[in-house]
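To start, the structure under review is shown below, and the notes come after it.
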Amino acid sequence: MSEDQSLLFRRVFGQFATGVSVMTTDADGVRHGMTANAVTSVSLEPPLVLVCVQKDTVMSRSVADAGAFALSFLSEEQEHLSNFFADPERPIGNAQFVDVPTHTAETGAPLLDGCLAWVDCRVWETYDGGDHLIVVGEVLALGNERPDGPPLLYFRSGYGMVR
């Protein structure tokens, strides 16, 4: 794809508002997190979700090692967490969570306190998705912490609100 086509591709998909989440995992006591908005539900029976992760990243290796991950769906007030977990200069490993309050559920992957909702998953399957890995997870536990909270949305390369 040419540079112009890549830019157009980004602009076209920028017209599609998405929720913002932080994907986390714990591989033998080493935690890792990243901001993710390529997330969707897949199936009710069994309960499956998918998230896309760039190949050859710490997250793709960590999820493979752990065989599990969690997603914390962010509220408007958590934009700073989205920015932090998207920053390529952030610390790696457990240092990412020093100032981020978390709890765990079934798999031990960290769940961000104060998020709107969360799912805790075992890796069901992975698929090649070009420069990304499509990770499908079976939901083992979930919580709806703030059902009336305002979601953090991403739209046209920036954050937005539900009006």
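Along the sequence shown, the residues carry numbers beginning at 1.
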Examine M23 and L153 and state if one hydrophobic cluster contains both, with Ile, Leu, Val, Met, Phe, Trp and Tyr joined whenever side-chain heavy atoms are less than 4.5 Å apart.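 They do not share one cluster, since no chain of ILVMFWY contacts under 4.5 Å joins M23 to L153.
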
Y154, L74: one ILVMFWY side-chain cluster at the under-4.5 Å cut-off?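 Linked within one cluster.
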
For R61, which residues count as a side-chain hydrogen bond (donor to acceptor under 3.5 Å, both in side chains) partner, sequence neighbours excluded?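 None.
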
Residues in side-chain hydrogen bond (donor to acceptor under 3.5 Å, both in side chains) with D113, at least two apart?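 Only H103 meet the side-chain hydrogen bond (donor to acceptor under 3.5 Å, both in side chains) criterion with D113.
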
Could you tell me the separation between the OG1 atom of T35 and the CG atom of D87, rounded to the nearest 0.5 Å?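 One finds 9.5 Å between OG1 of T35 and CG of D87.
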
Check the pair L71 / W118 against side-chain contact (heavy atoms from CB on, under 4.5 Å), numbers first and verdict last. CA-CA 5 Å; L71 294 166; W118 54 267; over 6 Å; no

Exceeds 12 heavy-atom contacts within 6.0 angstrom, atom [atom1] of [X]:
X: F9; atom1: CZ; result: no
X: R90; atom1: CZ; result: yes
X: I92; atom1: CD1; result: no
X: N144; atom1: CG; result: yes

Test log, rule side-chain contact (heavy atoms from CB on, under 4.5 Å), inputs L112 and L81: CA-CA 9 Å; L112 280 57; L81 291 173; 3.7 Å; yes

Between [X] and [Y], is there a donor-acceptor pair closer than 3.5 Å when you use the side chain of the first and the backbone of the second?
X: D120; Y: E106; answer: yes
X: N94; Y: G29; answer: yes
X: S21; Y: F73; answer: no
X: Q96; Y: G93; answer: yes
X: T107; Y: C121; answer: no

Chi angles and distances behind the side chain to side chain donor-acceptor pair (under 3.5 Å) call for R31, T102: CA-CA 11 Å; R31 294 172 155 196; T102 64; 3.2 Å; yes

Taking the side chain as C-beta and beyond, is there a heavy-atom pair between [X] and [Y] under 4.5 Å?
X: F84; Y: V22; result: no
X: E77; Y: R146; result: yes
X: V63; Y: V53; result: no
X: L116; Y: E145; result: no
X: Q78; Y: C115; result: yes
X: I134; Y: T126; result: no
X: T104; Y: D26; result: no
X: C52; Y: L50; result: yes

Over all heavy atoms of both residues, which pair between S75 and L152 is shortest? Give the atoms and the distance, please.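 Scanning both residues completely, I find the closest heavy atoms to be O-CB, 3.4 Å.
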
Can you list the residues that meet the ring pair (Phe, Tyr, Trp, His ring centres under 6.0 Å) rule with F97, with sequence neighbours excluded?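 Testing F97 for ring pair (Phe, Tyr, Trp, His ring centres under 6.0 Å), a comparison that skips the adjacent residues, returns F85.
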
Begin with the C-alpha distance, continue with both residues' side-chain angles, and end with the deciding distance and a verdict on side-chain contact (heavy atoms from CB on, under 4.5 Å) for D131 and K55. CA-CA 6 Å; D131 60 1; K55 289 180 181 174; 5.8 Å; no

Set out, in order, the CA-CA distance, both residues' side-chain angles and the distance that settles side chain to side chain donor-acceptor pair (under 3.5 Å) for Y159 and S82, then state yes or no. CA-CA 10 Å; Y159 295 107; S82 173; 2.6 Å; yes

Taking it one step at a time, do V51 and F69 satisfy side-chain contact (heavy atoms from CB on, under 4.5 Å)? CA-CA 10 Å; V51 60; F69 66 92; 4.0 Å; yes

